[in-house]
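Accompanying notes for the structure given below.
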Amino acid sequence: MMISPVHRFRDIERKPEYLQPDQCVPPPTHGSSGTMWFIRDGCGIACAVITWFLVFYADFVVLFVMLIPSRDYIYSAINGVVFHTLAFLALASHLRAMLTDPGAVPKGNATKEFIESLQLKPGQVVYKCPKCCSIKPDRAHHCSVCKRCIRKMDHHCPWVNNCVGENNQKYFVLFTMYIALISLHALIMVGFHFLYCFEEDWTKCSSFSPPTTVILLILLCFEALLFLIFTSVMFGTQVHSICTDETGIERLKKQEPTWERVVGWEGMKLAFGGEFSLRWCSPCADLGCEPAPPSGTATVAPTDRAAQEAFEQLSDQEFVVQVC
């Protein structure tokens, strides 16, 4: 059978004995659905802490340097509510992106018993990851930081200490969007505050001394400008990936699509969990997807009609296909 160029990027095995199942540790008997997903990576944890620190620093400057000292109470109230709402949504999105399983393939399911239960037929191709000993579905890639194969993995982001994959891409998109919005809002308020201080006495426009006020505002301005550019680019990149149904890894490898693409608005509805509504903007709303495959199950990528028939025969016994 001819092997397409796409398969060169994958560890393709055809027979159970080639998968070296004896080297794989059997998956746990109990599912991990009740445990919290968290990656124990020092760099990622440090980046996540820095992210929260920068948001709280911006909140401190906005509240105690610009809003509270202002004599315009309506201006302070409106901007305070808007900024803190956006900050809350940004941090909530960050938490959901960090603590949500991005779509990890069950680890260690390439055991002898499991492979024999697949009853592989000629022409049927399964993909085995030698690093985490898992039989992984199509479009899954191994992350060296998470030490797992992730379905529709786009990239590993240290700022959320997690991979961006099938199950948490919505939360990552919301995180970048809300960070960009609070950065833009902070820049606008800093500009108005500088104008206000130039017109008034500097000692009356802030609770801090004029030098301290200037330093705090300049640092906030630099932070907001930097993250506005960075998160706006990331937001645009993620929306483009969703609308073209092509992950960052697939785009870098220039893989020819072997799957039926869901593009445009349909891709957005698939990623955000249904028809457009305010739930799209809420990191607290679930995606409305079917549950992920439990531990010990996997999906297989059929490549022809015979393999498709074999896959359908086995789907009710050993396979769970996620519909999202």
Side-chain angles (χ1 to χ4, degrees), residues 44 47-48 50-59 62 82-100 102-103 143 150-190 220-252 261-289 324:
C47 289
I50 292 174
T51 300
W52 279 65
F53 170 78
L54 292 174
V55 173
F56 282 126
Y57 170 77
D59 180 70
V62 168
V82 171
F83 183 86
H84 285 91
T85 300
L86 293 175
F88 169 78
L89 292 172
L91 294 180
S93 300
H94 183 271
L95 276 179
R96 292 303 300 269
M98 180 170 60
L99 302 179
T100 299
C143 175
I150 308 298
R151 296 190 303 273
K152 292 182 66 174
M153 175 182 170
D154 187 88
H155 70 286
H156 183 91
C157 179
W159 295 105
V160 297
N161 188 35
N162 201 0
C163 277
V164 178
E166 185 177 72
N167 293 345
N168 68 342
Q169 190 172 32
K170 167 190 172 179
Y171 307 125
F172 183 75
V173 171
L174 292 180
F175 167 67
T176 57
M177 181 182 72
Y178 288 127
I179 290 294
L181 289 177
I182 64 173
S183 298
L184 178 62
H185 189 205
L187 278 175
I188 294 174
M189 285 192 292
V190 168
L220 176 60
C221 186
F222 177 77
E223 173 195 341
L225 183 61
L226 178 65
F227 279 92
L228 173 61
I229 297 174
F230 176 71
T231 55
S232 296
V233 171
M234 287 301 301
F235 174 78
T237 301
Q238 289 300 302
V239 172
H240 178 266
S241 295
I242 293 173
C243 291
T244 58
D245 195 15
E246 184 181 39
T247 67
I249 293 179
E250 293 163 351
R251 188 163 53 251
L252 286 174
R261 285 189 170 184
V262 181
V263 299
W265 191 247
E266 293 299 321
M268 292 293 293
K269 291 194 293 184
L270 183 64
F272 282 80
E275 296 291 338
F276 177 76
S277 66
L278 290 178
R279 291 172 58 89
W280 279 28
C281 303
S282 172
C284 302
D286 293 328
L287 293 177
C289 303
C324 179

Closest heavy-atom contact between Cys47 and Pro158? CB-O, 3.2 Å

Between CD on residue Glu266 and CG on residue Asp245, distance to nearest 0.5 Å: 11.5 Å

Is the shortest heavy-atom distance from the side chain of Ile242 to the side chain of Phe272 under 4.5 Å? yes

So Trp280 and Trp265, would you call those rings parallel, tilted or perpendicular, with 30° and 60° as cut-offs? tilted

Should Trp159 and Phe230 count as side-chain neighbours, where that means a heavy-atom distance under 4.5 Å? yes

Can you tell me how far apart CZ (Phe172) and CE (Met98) are? Round to the nearest 0.5 Å. 13.0 Å

Indicate whether the side chain of Trp52 and that of His94 have a donor and an acceptor atom separated by less than 3.5 Å. yes

Do Gln238 and Ser241 have side-chain atoms, one donor and one acceptor, less than 3.5 Å apart? no

Please name the pair of heavy atoms, one in Met153 and one in Ile249, separated by the smallest distance, quoted to 0.1 Å. O-CD1, 3.7 Å

Thr231 OG1 to Leu184 CG distance, which is reported to the nearest 0.5 Å: 10.0 Å

Counting heavy atoms not belonging to Tyr57, are there more than 12 under 6.0 Å from its OH? yes

Are His155 and Cys157 close enough, and set up right, to give a side chain to side chain contact (heavy atoms under 4.5 Å, CB included), and what steps lead you there? CA-CA 6 Å; His155 70 286; Cys157 179; 3.6 Å; yes

Evaluate Ile179 against Phe235 for side chain to side chain contact (heavy atoms under 4.5 Å, CB included), listing each step before the verdict. CA-CA 10 Å; Ile179 290 294; Phe235 174 78; over 6 Å; no

Where is the tightest heavy-atom contact between Arg251 and Glu246, given as atom of each residue plus distance? NH1-O, 3.4 Å

Ile150 and Cys143: which non-hydrogen atoms are nearest, and at how many Å? CG1-CB, 4.4 Å

How many angstroms lie between OG in Ser93 and CG in Leu86, if you round to the nearest 0.5 Å? 10.5 Å

Side-chain touch Thr237/Thr176, heavy atoms, less than 4.5 angstrom: no

Main chain of Pro102, side chain of Thr100: is a donor-acceptor contact present, judged purely on distance under 3.5 Å? no

Can you tell me if Ser232 uses its side chain to pair, donor with acceptor, with the backbone of Ile229 under 3.5 Å? no

Taking Tyr178 for its side chain and Cys281 for its backbone only, find out whether a donor-acceptor pair lies under 3.5 Å. yes

Rounded distance [0.5 Å steps], CZ in Phe227 versus CZ in Phe222: 9.5 Å

Please step through side-chain hydrogen bond (donor to acceptor under 3.5 Å, both in side chains) for the pair Asp59 and His84, ending with a clear verdict. CA-CA 8 Å; Asp59 180 70; His84 285 91; 2.4 Å; yes

Which heavy atom of Leu228 sits nearest to which heavy atom of Ala180, and what is that distance? CD1-O, 3.4 Å

What do the steps show when you test Cys243 against Val263 for side chain to side chain contact (heavy atoms under 4.5 Å, CB included), and what is the final call? CA-CA 5 Å; Cys243 291; Val263 299; over 6 Å; no

Is there a salt bridge (charged side-chain N to carboxylate O under 4.0 Å, His left out) between Glu166 and Lys152? Walk through the geometry before answering. CA-CA 5 Å; Glu166 185 177 72; Lys152 292 182 66 174; 5.3 Å; no

Search all heavy atoms of Leu174 against all heavy atoms of Pro283 and return the closest pair with its distance. CD1-N, 3.8 Å

Side chains of Val160 and Leu95, heavy atoms from C-beta outward: is any pair under 4.5 Å? no

Determine, step by step, whether Asn162 and Leu99 satisfy the side chain to side chain contact (heavy atoms under 4.5 Å, CB included) criterion, reporting the C-alpha distance in whole Å, the side-chain angles of both residues, the deciding distance to 0.1 Å, and the verdict. CA-CA 8 Å; Asn162 201 0; Leu99 302 179; over 6 Å; no

Rounded distance [0.5 Å steps], SG in Cys163 versus CG in Asp154: 9.5 Å

